[in-house]
Q: 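Provided herewith is a single structure, encoded as structure tokens, for subsequent inquiry.
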Amino acid sequence: MVLGLVKFTGLSTRLLNICVHSLCKFRKIEKAETLITDGIRLGVSPDVVTYNTLITGYCRFVGIEEAYAVTRRMRDAGIRPDVATYNSLIAGAARRLMLDRVLYLFDEMLEWGLYPDLWSYNTLMCCYFKLGKQDEAFRVLYKDLRLAGLSPGPDTYNVLLDALCKCGYVDDALEMFREMQSRFKPGLMTYNILINGLCKARRVGTAKWMLTELKRSGYTPNAVTYTTILKLYFKTRRIRRGLELFLEMKREGYTYDGYAYFAVVSALVKTGRTKEAFEYMQELVRNGRRHDIVSYNTLLNLYFREGDLDAVDDLLGEIERKGMKADEYTHTIIVNGLLRTGQTRRAEKHFVSMGEMGIGLNLVTCNCLVDGLCKAGHVDRALRLFESMEVKDEYTYTCVVHNLCKETRFVCASKLLLSCYSKGIKIPSSARRAVLSGLRMSGCYGEARMAKAKMKLAQVGDS
DNA sequence: ATAGGGTTAG
């Protein structure tokens with residue numbers, strides 16, 4: 001009815017698009033479809049923008065196949081998909097890391113006489129980086145773009161800088177940042193990407209400098225900047241400082257989206273301050289925030305820490321009732337929670353069922369299980385799992401080294417520790433101390449001397 | 001398409 005009235009102003013399709021856009025944004029895809037049908041009945045024709053918006057919605061909330069099916073409907077309606085249509089589909093496929101599909105869409109675009117634009121290539125490069133295919137990503141940057149007659153834009157640099165930081169090449173990112181500065185004025189997002197990369201790499205001094213650069217460029221730190229710094233405080237165990245910053249953020253109105261709350265709650269849970277953690281969670285709900293899976297995970301972890309297993313069961317039921325999908329964090333929290341509450345068998349069973357549900361093996365979950373099995377006295381079972389793991393990280397090694405020491409298997413622990421040095425895996429010095437003092441205490445002075453010498457050598461080789 | 005929130009060792 002409203003659309004019928006507005007038709008006279010000539011704005012009808014634009015209004016339709018605005019409505020479809022906001023419906024899609026809030027997951028109301030079916031309502032958007034109904035609106036389009038009603039529009040057609042009233043003589044308001046959808047255009048390419050309408051369909052592109054719908055496709056973006058399907059990609060986000062439904063699936064690639066369903067989104068792709070819309071392109072056929074477009075063609076039937078006599079509307080030709082454009083570059084933006086394909087960019088939406090490519091983005092959807094890239095988000096799911098479906099590289100084959102991304103490449104197929106590039107081909108199909110060309111077949112229809114459409115040329116991928118900078119946005120398409122940015123997405124492709126990002127997808128390669130996320131899959132760890134750095135060579136291919138750089139090929140897009142240095143070759144494909146040039147062949148297409150395009151050159152990197154500010155967004156290309158943002159994708160690149162973020163990917164470099166996340167692969168651990170923060171210095172390369174900084175170098176690339178300088179290159180970027182010679183061509184464009186970096187945006188606030190660029191600074192946030194670098195500050196985040198520097199904080200995660202614990203390059204606190206450089207991160208602080210980057211923050212002053214951000215301000216010097218005329219920007220004001222936003223909620224993202226603040227949350228990044230907040231996380232740094234918690235990671236470096238400056239809990240009080242972090243809480244002070246959080247209160248400041250609250251005063252200034254930077255906590256509107258709730259992200260900072262979760263950082264605070266998890267820091268409080270880690271330090272055993274579950275009561276305060278609950279208060280913040282309640283505050284969040286009072287502020288009208290609906291639970292998403294992240295918020296459920298935080299709450300779930302909180303209940304496990306409290307040992308409130310009834311609350312855990314209730315919450316899991318609620319998650320299921322709401323049709324929310326448990327993710328890898330949920331499963332890790334469950335496995336770890338069961339282990340910590342002494343339910344080793346149930347934890348193992350849940351772990352097995354994860355495999356049956358087709359959830360890929362998750363490193364963190366494995367780490368929790370290795371540690372939990374050791375602590376429950378099943379060291380041999382833990383070691384078997386440890387041997388079977390294809391990917392291991394510093395957490396894996398640290399917990400096994402410590403648990404071996406607890407079992408007074410110092411020689412074994414020492415061998416493992418030394419293998420870390422040769423692999424370049426950073427192990428906290430507490431593990432080193434545990435091994436060396438253990439060896440000495442059990443009278444293995446020769447082994448202790450030898451291990452110490454080898455560690456020294458490895459460290460020299462490091463630098 | 002690109003930035004910040006939730007899981008693990010000591």
Side-chain angles (χ1 to χ4, degrees), chain A residues 87-88 90-95 102 117-127 129-130 153-163 165-166 187-197 199-200 214 221-232 234 249 254-255 257-267 269-270 281 284 289 291-302 304 327-337 339-340 362-372 374-375 393-403 405 427-434:
Chain A
N87 281 345
S88 290
I90 289 170
R95 204 177 307 121
V102 170
D117 63 5
L118 194 51
W119 195 312
S120 328
Y121 286 109
N122 287 348
T123 314
L124 179 62
M125 184 178 79
C126 184
C127 186
F129 271 124
K130 280 187 186 153
D155 300 327
T156 317
Y157 278 99
N158 284 343
V159 173
L160 186 60
L161 294 180
D162 189 48
C165 286
K166 291 197 165 130
L188 178 56
M189 194 188 271
T190 317
Y191 288 101
N192 281 341
I193 288 168
L194 289 169
I195 291 171
N196 183 44
C199 284
K200 293 238 163 91
L214 178 156
N222 64 6
V224 178
T225 327
Y226 276 108
T227 313
T228 309
I229 309 283
L230 186 68
K231 287 281 295 172
L232 175 69
F234 289 141
M249 286 171 72
Y254 281 111
T255 53
D257 57 8
Y259 274 43
Y261 272 90
F262 296 111
V264 170
V265 169
S266 88
V269 172
K270 277 205 181 92
M281 281 306 281
L284 206 49
R289 195 192 148 86
H291 285 300
D292 59 9
I293 192 63
V294 173
S295 130
Y296 275 124
N297 287 341
T298 310
L299 209 50
L300 193 63
N301 192 36
L302 196 43
F304 266 123
D327 64 6
E328 52 180 325
Y329 284 84
T330 323
H331 290 295
T332 308
I333 291 165
I334 292 171
V335 169
N336 193 42
L339 288 165
R340 291 178 73 112
N362 173 275
L363 175 60
V364 183
T365 320
C366 290
N367 286 345
C368 292
L369 202 55
V370 169
D371 190 44
C374 285
K375 293 208 163 100
D393 65 359
E394 65 267 31
Y395 283 85
T396 329
Y397 288 104
T398 309
C399 88
V400 173
V401 167
H402 272 288
N403 281 306
C405 286
I427 291 275
S429 51
S430 63
R432 198 184 97 140
R433 280 196 301 273

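Just so we're on the same page: letters track the sequence lines, and every chain starts at 1.
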Q: Taking only side-chain nitrogens and oxygens of Lys130(A), does any of them come within less than 4.0 Å of OP1 or OP2 of dA1(B)?
A: no
Q: May I have the distance from Ile195(A) (atom CD1) to dA3(B) (atom C1'), rounded to whole angstrom?
A: 10 Å
Q: Looking across every strand, which nucleic acid part, if any, lies under 4.0 Å from Asn362(A) by heavy atom: base, sugar-phosphate, or nothing?
A: nothing
Q: Looking at Asn196(A), I'd like to know whether one of its side-chain N or O atoms comes within less than 4.0 Å of OP1 or OP2 on dG4(B).
A: yes
Q: So does Asn367(A) reach the base of dA9(B) with its side chain, donor to acceptor, closer than 3.5 Å?
A: no
Q: Contact class for Ala91(A) vs. all strands (heavy atom < 4.0 Å): base, sugar-phosphate, or nothing?
A: sugar-phosphate
Q: Using a distance-only criterion (donor-acceptor N/O pair, under 3.5 Å, no hydrogens), is the base of dG5(B) paired with the side chain of Asp257(A)?
A: no
Q: What's the closest nucleotide to the Val364(A) side chain, out of dG10(B), dT8(B), dG5(B)?
A: dT8(B)
Q: Can you check the Lys231(A) NZ to dT7(B) C1' distance for me, whole Å?
A: 11 Å
Q: Going from CG on Asn362(A) to OH on Tyr329(A), what distance comes out if it is rounded to the nearest 0.5 angstrom?
A: 9.0 Å
Q: Taking atom SG of Cys165(A) and atom CG of Asn196(A), what is their separation to the nearest 0.5 Å?
A: 7.5 Å
Q: Mind checking if Asn336(A) touches a base, just sugar-phosphate, or nothing, with heavy atoms under 4.0 Å?
A: sugar-phosphate
Q: How far does OG1 of Thr228(A) sit from CG of Asn192(A), to the nearest 0.5 angstrom?
A: 6.0 Å
Q: Side chains of Tyr259(A) and Val224(A), heavy atoms from C-beta outward: is any pair under 4.5 Å?
A: no
Q: With nearest nucleotides of DNA chain B determined for Arg340(A) and Cys126(A) from heavy-atom distances, which residue corresponds to the more 5′ nucleotide?
A: Cys126(A)
Q: Check whether any side-chain N or O of Lys166(A) sits under 4.0 Å from OP1 or OP2 of dG4(B), and answer yes or no.
A: yes
Q: Just the rounded figure in Å: distance from C1' of dT7(B) to CG of Leu300(A).
A: 10 Å
Q: Determine whether the aromatic ring of Tyr259(A) stacks with the base of dG4(B), defined as ring centroids separated by less than 5.5 Å and ring planes inclined by less than 30°.
A: yes
Q: Contact class for Asp292(A) (heavy atom, under 4.0 Å): base, sugar-phosphate, or nothing?
A: base
Q: Look at the side chain of Ser430(A) and decide which nucleotide, out of dA9(B), dT2(B), dG10(B), has an atom nearest to it.
A: dG10(B)
Q: Would Tyr329(A) count as stacked on dT7(B) if the rule is ring centres under 5.5 Å and plane angle under 30°?
A: no
Q: What is the distance, rounded to the nearest whole Å, between atom CG of Asp371(A) and atom P of dT7(B)?
A: 16 Å
Q: Counting only side-chain heavy atoms from C-beta out, which of dA1(B), dT8(B), dG10(B) sits nearest to Cys368(A)?
A: dT8(B)
Q: Quick check for you: among dG5(B), dA3(B), dT7(B), whose closest atom lies nearest to any side-chain atom of Asn301(A)?
A: dT7(B)
Q: Identify the heavy atoms of Phe262(A) and Ser295(A) that sit nearest to each other, and give their distance.
A: CZ-CB, 3.2 Å
Q: Between dA1(B), dT8(B), dG5(B), which nucleotide has the shortest distance from any of its atoms to the side chain of Asp393(A)?
A: dT8(B)
Q: Looking only at atom types and distance, does a side-chain atom of Asn403(A) sit under 3.5 Å from a main-chain N or O of Cys399(A), one as donor and one as acceptor?
A: yes
Q: Base, sugar-phosphate alone, or nothing: which one does Asp162(A) contact when heavy atoms must sit under 4.0 Å apart?
A: sugar-phosphate
Q: Return no unless some side-chain N or O of Lys375(A) is found under 4.0 Å from OP1 or OP2 of dA9(B).
A: no
Q: Rounded to the Å, how far apart are Ile334(A) CD1 and dT8(B) P?
A: 14 Å
Q: Within the 4.0 Å heavy-atom criterion, would you say Arg433(A) contacts the bases, only the backbone, or no part of the nucleic acid?
A: nothing
Q: Using the aromatic ring of Trp119(A) (for Trp, its six-membered ring), decide whether it stacks on the base of dA1(B) within the limits of 5.5 Å and 30°.
A: yes
Q: Rounded to whole angstroms, how far apart are OH on Tyr296(A) and P on dT7(B)?
A: 18 Å
Q: Mind calculating the distance between CE (Met125(A)) and P (dT2(B)) to the nearest angstrom?
A: 11 Å
Q: For the pair made of CG in Asp155(A) and P in dA3(B), what is the distance, rounded to whole Å?
A: 12 Å
Q: Classify the side chain of Asn158(A) and the base of dT2(B) as holding, or not holding, a donor-acceptor pair under 3.5 Å.
A: yes
Q: Checking Asp393(A) against Thr396(A) for the side chain to side chain donor-acceptor pair (under 3.5 Å) test, could you report, in this order, the C-alpha distance in whole Å, the side-chain angles of both residues, the deciding distance, and whether it holds?
A: CA-CA 5 Å; Asp393(A) 65 359; Thr396(A) 329; 2.8 Å; yes
Q: Given the structure, check if the side chain of Asn222(A) and the base of dA3(B) hold any donor-acceptor pair shorter than 3.5 Å.
A: yes
